[in-house]
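Numbers here simply count residues along the sequence, with the first being 1. Excluded from the calculations below are hydrogen atoms, water molecules and symmetry mates; all remaining heavy atoms, backbone and side chain alike, are included.
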Amino acid sequence: MTKMGKKEIRAEVKKRRAEAELGTLHENSRKIVETFVSLPQYQNTDLLLAYVDAKREVETRLLMEQAWKDGKKVAAPRGDGDGIMHYYYIEGMDDLESGSFGIMEPKKSCPLCKEEEGLMLMPGVAFDEHCHRVGYGGGYYDRYLEKHPDIVHIALAFEFQVFPEVPFEAHDILPQMLVTEKRIIRPEETSERTLEEIGRRAKVAEPVLRIMGTTKKNEVLLHVADALIKEQNYILGKNAKDVEIAKKNGMDPGMVDRLMLTKDRIAGMAEGIRQVAALPDPVGEVTSMKQRPNGLMIGWKKVPLGVIGMIYESRPNVTADAFSLCFKAGNVVILRGGSDAFLSNCAITKVIRTALEEMDIPEDAVQLIEDTSRETVKAFMQLNHYVDVLIPRGGAGLIRSVVENSRIPVIETGTGNCHIFVDESADFDMAIDIIFNAKTQRIGVCNACESLVIHEKIVDAFLPRLKARLDEKHVQMRGDEKACAAAEGLVKATEEDWGREYLDYILSVKTVKNIDEAIAHINRYNTGHSEAIVTKDYANAQKFLNEIDAAAVYVNASTRFTDGYEFGFGAEIGISTQKLHARGPMGLDALTSGKYIIYGNGQIR
């Protein structure tokens with residue numbers, strides 16, 4: 001097929017526009033706008049830089065109207081001679097007048113927009129599958145973006161404007177994505193280039209943190225904690241938008257709870273950071289020093305891991321937790337949160353980076369990957385030349401994907417199918433209080449109780465009392481045959497229920513003949529997280545502690561205590577369910593490695 005030149009492409013698009021039905025163009029414009037306003041880039045911006053559509057282009061006026069409804073500022077471009085273009089604020093279509101080439105432009109009375117950050121609509125006649133662009137020939141937008149590199153720029157186009165290939169130059173500035181009525185197209189190398197830059201910046205910041213003294217690190221952490229409280233209304237405002245979108249999209253209540261921030265939860269985040277500041281600094285600690293027969297003194301010294309990558313889902317508090325622990329342990333952190341919490345994560349990261357800058361610390365000690373696409377996540381997992389260790393924190397699917405696809409060493413954090421075994425000697429009141437707390441205090445967390453195991457000798461007496469208490473929170477109980485016979489209103493459990501993390505007001509109930517059967521059941525279906533026994537029998541308690549294979553094993557206490565804050569670690573970066581390097585709540589020590597230090601006085605081999 002003969003390649004088309006720019007002149008031919010412009011003529012072909014003009015022809016296709018003329019042939020298109022106006023009704024179809026309007027409907028497709030509406031679809032494009034609907035997709036665009038769902039993008040995190042739109043939701044996170046306060047300023048839309050938008051050209052006014054003309055000559056059967058995508059109807060950007062629809063988008064401008066939506067931006068005004070959403071409380072955003074809107075600015076439109078005007079050519080000011082000699083190939084120079086500026087943006088001017090407009091508050092409605094009445095602020096426009098016919099300008100160059102018959103295109104509507106802001107009136108000369110409109111105020112100049114001087115902001116360096118915003119979201120720009122990048123016009124174009126045609127595009128290809130790699131986001132190369134054929135413009136209208138003036139070069140206005142390339143010149144503007146060269147002077148304003150921090151502005152996010154996205155193009156809108158109808159599918160008939162997308163060609164297999166268009167002519168381009170190496171210096172052309174590509175849109176960061178192209179939105180049509182059917183799909184979103186991204187440049188092939190955009191996410192990788194962005195990740196390369198993030199990786200390079202992390203490596204530049206890493207030596208600064210590696211040698212930073214404890215006093216300075218603590219001062220910075222306390223300043224960050226204060227900044228989170230100071231900017232809590234800003235953070236809560238962004239979080240409220242995330243929650244609104246999540247509810248509109250039908251997110252499960254348990255996941256919404258994970259996503260939601262409150263003043264108390266922000267206060268908890270800040271307190272976690274203060275606790276980290278108060279903890280002993282593991283970096284530089286020499287844990288052993290032995291003299292060899294030849295006189296060499298060989299010791300082991302704790303050192304930072306380096307650059308840590310975090311991939312996590314709908315838990316915006318992880319953003320602050322991960323930063324504080326990594327920073328105190330002398331590590332740089334690169335964060336990739338889920339799209340559900342995009343605005344919240346951006347807000348928290350912005351507050352932290354600003355606080356770092358105020359303390360003359362490289363703000364790239366923490367970076368957030370703002371592209372939440374799966375392609376970018378996969379590319380991030382291959383960044384082993386910049387990232388020293390990768391920690392996933394979220395659902396089973398996320399963790400499995402990271403473990404299976406990463407080239408970077410992974411510390412696996414797990415889902416929580418946590419059990420409580422009520423032994424035949426258990427105090428009923430204690431057991432009911434523990435189960436009620438572990439199941440209902442927060443349903444969307446990994447240390448919530450999801451599965452109940454009851455000794456068959458007490459099930460008839462115990463289960464009706466427990467059900468009456470759990471009915472206060474409308475907990476659905478899914479039981480085996482004996483459990484269903486012991487209390488009214490239970491749903492018959494399936495095999496799938498025994499191993500499921502519900503993150504909801506649902507609890508599976510299994511009856512067993514003895515502690516050996518209980519231990520066998522729990523070890524078969526648990527996820528290695530947290531397991532508990534309620535008992536008065538010391539021998540059974542010790543047997544349970546010894547034989548249950550999990551990161552945390554409790555006697556007569558709620559599984560909800562498996563948490564870095566509750567264990568005295570301050571914030572936690574995750575709860576490891578693997579056995580290599582770290583297990584259980586991961587505090588500062590888990591974020592260090594070590595090196596041998598050797599003192600000699602001239603020894604040779």
Side-chain angles (χ1 to χ4, degrees), residues 10 14 17 22 25-26 29-30 32-37 39 41-125 133-158 161 173 175-179 233-234 237-238 241 343 350:
R10 288 183 176 119
K14 184 177 181 181
R17 281 177 171 162
L22 283 175
L25 293 179
H26 176 73
S29 291
R30 189 190 60 77
I32 291 168
V33 169
E34 190 175 289
T35 299
F36 186 88
V37 299
L39 295 173
Q41 290 85 346
Y42 173 81
Q43 295 167 8
N44 196 41
T45 192
D46 296 319
L47 172 64
L48 179 69
L49 303 168
Y51 63 91
V52 185
D53 62 274
K55 302 175 183 177
R56 296 190 168 209
E57 292 178 310
V58 174
E59 296 174 38
T60 59
R61 299 173 207 228
L62 297 175
L63 184 50
M64 296 162 79
E65 294 284 359
Q66 184 62 49
W68 283 315
K69 288 179 184 177
D70 292 337
K72 300 182 188 295
K73 294 177 286 187
V74 177
R78 186 176 74 212
D80 292 327
D82 296 325
I84 302 300
M85 179 182 75
H86 294 102
Y87 279 86
Y88 296 85
Y89 293 113
I90 59 173
E91 297 181 354
M93 295 301 173
D94 291 342
D95 287 338
L96 300 171
E97 62 184 7
S98 182
S100 304
F101 311 107
I103 299 171
M104 300 299 287
E105 296 180 344
K107 295 177 179 177
K108 288 186 169 52
S109 57
C110 293
L112 177 67
C113 173
K114 298 181 180 180
E115 296 187 42
E116 294 298 322
E117 294 184 357
L119 175 57
M120 173 196 283
L121 301 185
M122 197 175 189
V125 177
R133 165 180 165 268
V134 174
Y136 287 92
Y140 289 95
Y141 288 86
D142 284 345
R143 285 192 291 273
Y144 190 87
L145 287 170
E146 285 173 0
K147 295 180 180 179
H148 304 84
D150 292 330
I151 288 177
V152 178
H153 41 289
I154 296 176
L156 312 179
F158 297 118
Q161 293 175 255
I173 297 177
Q176 291 164 323
M177 67 177 70
L178 171 64
V179 181
N233 289 336
Y234 164 67
K238 296 296 185 181
K241 292 181 180 179
L343 300 177
K350 183 176 181 180

Side-chain heavy atoms of Leu119 within contact of Leu39, under 4.5 Å | no
So His148 and Tyr144, would you call those rings parallel, tilted or perpendicular, with 30° and 60° as cut-offs?
-> parallel
Between Tyr141 and Met120, the two heavy atoms sitting closest are CD2-SD, 3.8 Å
Evaluate the side-chain proximity of Met177 to Gln41: yes if any heavy-atom separation is below 4.5 Å, no if none is.
-> yes
Over all heavy atoms of both residues, which pair between Ile32 and Ala157 is shortest? Give the atoms and the distance, please.
-> CD1-O, 3.4 Å
Contacts of Arg61 meeting side chain to side chain contact (heavy atoms under 4.5 Å, CB included) (sequence neighbours excluded), chain-then-number -> Val52, Asp53, Met93, Met104
Shortest non-hydrogen contact from Leu112 toward Tyr88 = CA-CD2, 3.6 Å
Is Arg78 reaching over with its side chain to a backbone N or O of Glu105, donor-acceptor style, under 3.5 angstrom?
-> no
Keeping the roles fixed (side chain from Glu65, backbone from Leu62), state whether a donor-acceptor pair exists under 3.5 Å.
-> no
Hey, does the side chain of Ser29 reach the backbone of Leu25 with a donor-acceptor pair shorter than 3.5 angstrom?
-> yes
Leu48 side chain near Phe36 side chain, heavy-atom distance below 4.5 Å | yes
Tell me, do Lys238 and Asn44 make a side-chain contact under 4.5 Å, heavy atoms counted?
-> yes
Would you call Glu115 and Asp46 a side-chain contact if the rule is heavy atoms closer than 4.5 Å?
-> no
Closest approach of Tyr136 to Glu57 (non-hydrogen atoms, all atoms of both residues) = OH-OE2, 2.6 Å
If you take all heavy atoms of Tyr51 and Met122, which pair is closest and at what distance?
-> CE2-C, 4.0 Å
Does CD belonging to Glu97 count more than 12 external heavy atoms closer than 6.0 Å?
-> yes
Side-chain heavy-atom pair Val152, Tyr42 within 4.5 angstrom cut-off = no
Spacing of NZ belonging to Lys73 relative to CG belonging to Leu49, to within rounding of 0.5 Å | 10.0 Å
Output yes when a side-chain donor or acceptor of Lys107 lies under 3.5 Å from a complementary backbone atom of Asp94, and no otherwise.
-> yes
Give a yes or no answer on whether the side chain of Arg56 reaches the backbone of Leu22 with a donor-acceptor pair at less than 3.5 Å.
-> no
Are any side-chain N or O atoms of Lys72 and backbone N or O atoms of Thr45, one a donor and one an acceptor, separated by less than 3.5 Å?
-> yes
Taking C-beta and beyond as the side chain, do Gln161 and Arg17 meet within less than 4.5 Å on heavy atoms?
-> yes
Value rounded to 0.5 Å, distance of CG in Leu47 from OH in Tyr87 = 9.5 Å
Looking only at heavy atoms, what is the nearest atom pair of Cys110 and Ile90, with distance?
-> SG-CG2, 4.0 Å
Go through the structure and list residues passing side chain to side chain contact (heavy atoms under 4.5 Å, CB included) with Arg10, not counting sequence neighbours.
-> Lys6, Val125, Val134
